[in-house]
There are 2 protein chains.
Amino acid sequence: MIRSTQQLLWERGYVGTSPKAIQAAADAGQGSMYHHFSGKAELAKAAIERSATELSAAAEEQLSAPGTAVERIARYLERDRQVLKGCRIGRLTADPDVMADPALRAPVEATFRRIRERLAEILAEGNQAGEFPETLDPVATAATVAAVLQGGYVLARAANDDEPFDQAVRGMVQLLQGVAS
Amino acid sequence: MIRSTQQLLWERGYVGTSPKAIQAAADAGQGSMYHHFSGKAELAKAAIERSATELSAAAEEQLSAPGTAVERIARYLERDRQVLKGCRIGRLTADPDVMADPALRAPVEATFRRIRERLAEILAEGNQAGEFPETLDPVATAATVAAVLQGGYVLARAANDDEPFDQAVRGMVQLLQGVAS
DNA sequence: GTCTATAGTTAGATAGAC
DNA sequence: GTCTATCTAACTATAGAC
């Protein structure tokens with residue numbers, strides 16, 4: 001049931017996902033759903049938190065791998081993704097009801113904060129290893145890397161084509177390699 | 001009425017915007033709305049097209065200004081924006097009903113295509129002026145720049161704070177300056 | 001725990017008077 | 001052109017039986 005909610009939130013967002021749709025997707029009755037959850041918001045909270053955890057784990061997989069900072073970030077950016085489906089967590093920022101509910105926004109905020117911190121850490125390591133010129137700001141660059149991903153999804157969905165995403169990622173990797181050389 | 005629809009689409013998206021809400025915002029009756037428009041979709045089409053036109057014009061203002069490629073792009077990225085409200089056009093990519101309707105998706109697609117092309121043009125000019133190393137790919141870098149903006153909005157909304165947007169932009173500008181030096 | 005019935009509310013639109 | 005009345009369906013939840 002949580003899994004079905006995750007899927008529906010990904011595809012249709014919070015406003016666009018009805019309890020009835022969740023029940024149909026999970027093959028569960030209304031009574032069942034309202035027995036286990038107080039309502040749509042609580043179910044969404046569970047689903048968002050699970051998606052957030054899964055996403056962080058997936059990111060860590062590439063980011064904790066060995067290699068230079070640029071290599072690790074490039075692997076993170078270039079990992080296989082379902083580009084046209086967009087980011088499960090990022091898309092929630094477009095949902096006013098999610099942003100308005102602290103319980104729903106918190107995991108979204110935490111996920112991106114963690115990813116930016118992790119990227120900044122890696123970039124700072126690269127800095128210390130002499131991989132980058134000292135002028136490179138790890139925190140700002142980390143935000144840029146995270147933004148390229150989220151923005152890449154937006155551009156790809158607008159175009160109904162993976163290409164803009166792939167270009168954005170390629171451009172970002174080339175820039176990092178450019179300043180690292 | 002179109003203006004009210006633009007505003008509501010910006011704040012609540014297509015799924016989250018009801019005809020009744022539009023009428024209330026525009027201080028118009030139902031009869032009036034359904035006289036001028038066949039329904040929600042047609043009204044949304046008009047609103048999206050107008051927002052797209054306005055956005056393209058605003059972008060062109062910075063991009064057509066004099067200066068080096070990096071300067072022009074930096075001015076575009078750093079222009080004053082209502083960051084926490086997100087991008088009026090970009091947020092529509094999270095709306096499955098907008099993406100599913102070719103008439104509604106078309107202006108979204110066209111807007112981003114135009115902006116990416118315009119950025120690529122400017123970067124190519126910078127290349128020809130010897131501003132960048134030859135390895136810089138104008139098309140890919142243009143997608144990266146556009147993505148940083150869209151992703152910056154996402155990060156800022158998730159954090160409920162402008163800062164991640166500003167950091168992402170700053171990181172992007174520094175990278176461009178870095179490869180240009 | 002799960003089911004069915006019920007209920008108040010809104011979404012989205014049509015009809016016909018003025 | 002605009003207004004009010006009306007309509008069907010969906011949304012979100014509660015109640016109470018089993």
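Order of the sequence lines fixes the chain letters, A, B, ..., with proteins taken first and strands second; residue numbering starts at 1 for each chain.
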Measure [atom1]/[X] against [atom2]/[N] and give the value in whole Å, please.
X     : N      : atom1 : atom2 : answer
B:Q23 : D:dG1  : CD    : P     : 18 Å
A:D97 : D:dT12 : CG    : C1'   : 13 Å
A:K40 : D:dA10 : NZ    : C1'   : 12 Å
B:L8  : C:dG12 : CG    : P     : 12 Å
A:F37 : D:dT14 : CZ    : C1'   : 18 Å
A:Y34 : C:dA7  : OH    : C1'   : 13 Å
A:H36 : D:dA13 : NE2   : P     : 17 Å
B:M33 : C:dT14 : CE    : P     : 10 Å

Worksheet entry | B:V139 with B:I122, same ILVMFWY side-chain cluster at under 4.5 Å | no

Item to complete: Take B:Y76 and B:R118 through the side-chain contact (heavy atoms from CB on, under 4.5 Å) test and state the conclusion after the steps.
Response: CA-CA 12 Å; B:Y76 170 58; B:R118 192 71 181 92; over 6 Å; no

For [N], does either OP1 or OP2 sit under 4.0 Å from a side-chain N or O belonging to [X]?
X     : N      : result
A:S18 : D:dC11 : yes
A:H35 : C:dC3  : no
B:K20 : C:dA11 : no

Item to complete: Determine, for B:E54 against B:R88, whether the closest basic-nitrogen to carboxylate-oxygen distance falls under 4.0 angstrom.
Response: yes

Discussion item. Ignoring hydrogens, what is the shortest heavy-atom contact between A:P133 and A:N127? Give both atom names and the distance.
Written reply: O-OD1, 3.5 Å

Worksheet item: Which nucleotide in the set C:dA11, C:dA13, D:dT14 lies at the smallest distance from any side-chain heavy atom of B:Q30?
Response: C:dA13

